[in-house]
Amino acid sequence: NPMIEPDVLKQHLRNAFPEAPVLELEDLTGTKDHYRAVIVHATFRGKSRIEQHKLVYQALGALMNGPVHALALETRAPD
């Protein structure tokens with residue numbers, strides 16, 4: 001079962017959402033395949049929650065089909 005280190009996953013998110021004022025990642029189970037991410041980024045402004053989450057899934061690409069089994073997301077634009 002492929003796993004991804006939290007630091008590696010966070011770097012993928014940081015690359016996709018540079019200068020995010022908030023980018024938090026938590027390994028929910030300690031098994032390196034179930035994560036929770038909080039991302040605040042200007043690119044989310046004016047987009048629905050579904051559109052925001054699709055942007056994150058697109059950014060992670062193949063990782064979502066392998067190492068990441070579950071990703072709970074909280075996304076929003078900066079205030």
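- Here Leu25 contributes atom CG and Asp7 contributes atom CG; the two are 9.0 Å apart, rounded to the nearest 0.5 Å.
- Looking at Leu13 and Ile39, their side chains come closer than 4.5 Å, going by heavy atoms from C-beta outward.
- Linking Ile, Leu, Val, Met, Phe, Trp and Tyr whenever their side-chain heavy atoms come within less than 4.5 Å puts Leu23 and Ile4 in one cluster.
- By the criterion of side-chain heavy atoms lying less than 4.5 angstrom apart, applied directly or through intervening Ile, Leu, Val, Met, Phe, Trp or Tyr residues, Tyr57 is not grouped with Val38; the two fall into different hydrophobic clusters.
- Side-chain atoms of Gln52 come within 3.5 Å of backbone atoms of Lys47 as a donor-acceptor pair (strictly under, hydrogens ignored).
- Note on ring orientation: taking the six-membered ring where Trp is involved, the planes of Phe17 and Phe44 are tilted (angle from 30° to 60°).
- To the nearest 0.5 Å, atom CD of residue Glu19 and atom OG1 of residue Thr43 are 12.5 Å apart.
- Between Ala62 and Pro67, the shortest heavy-atom distance links the atoms O-CD, 4.3 Å.
- Side-chain N or O atoms of Asp27 include one that pairs as donor or acceptor with a backbone N or O of Lys32 at under 3.5 Å.
- Note that CG of Leu9 and CZ of Arg14 are 12.5 Å apart. Values are rounded to the nearest 0.5 Å.
- Evaluation of the salt bridge (charged side-chain N to carboxylate O under 4.0 Å, His left out) rule for Glu26 yields Arg36 as partners, not counting sequence neighbours.
- Between the OG1 atom of Thr75 and the CD1 atom of Ile50 there is a distance of 10.5 Å, given to the nearest 0.5 Å.
- A pairwise comparison of heavy atoms in Ala37 and Leu71 identifies CB-CD1, 4.1 Å as the closest pair.
- Looking only at side-chain heavy atoms (C-beta outward), Gln58 and Leu55 come within less than 4.5 Å of each other.
- Interatomic distance, Tyr35 OH to Thr29 OG1, rounded to the nearest 0.5 Å: 8.0 Å.
- Note on Val8: it clusters hydrophobically with Leu63, by side-chain heavy-atom contacts below 4.5 Å among ILVMFWY residues.
- Side chain of His41 to backbone of Pro21: no donor-acceptor contact under 3.5 angstrom is found.
- Under the 4.0 Å criterion applied to side-chain N and carboxylate O atoms, Arg76 and Glu74 are assigned as salt-bridge partners.
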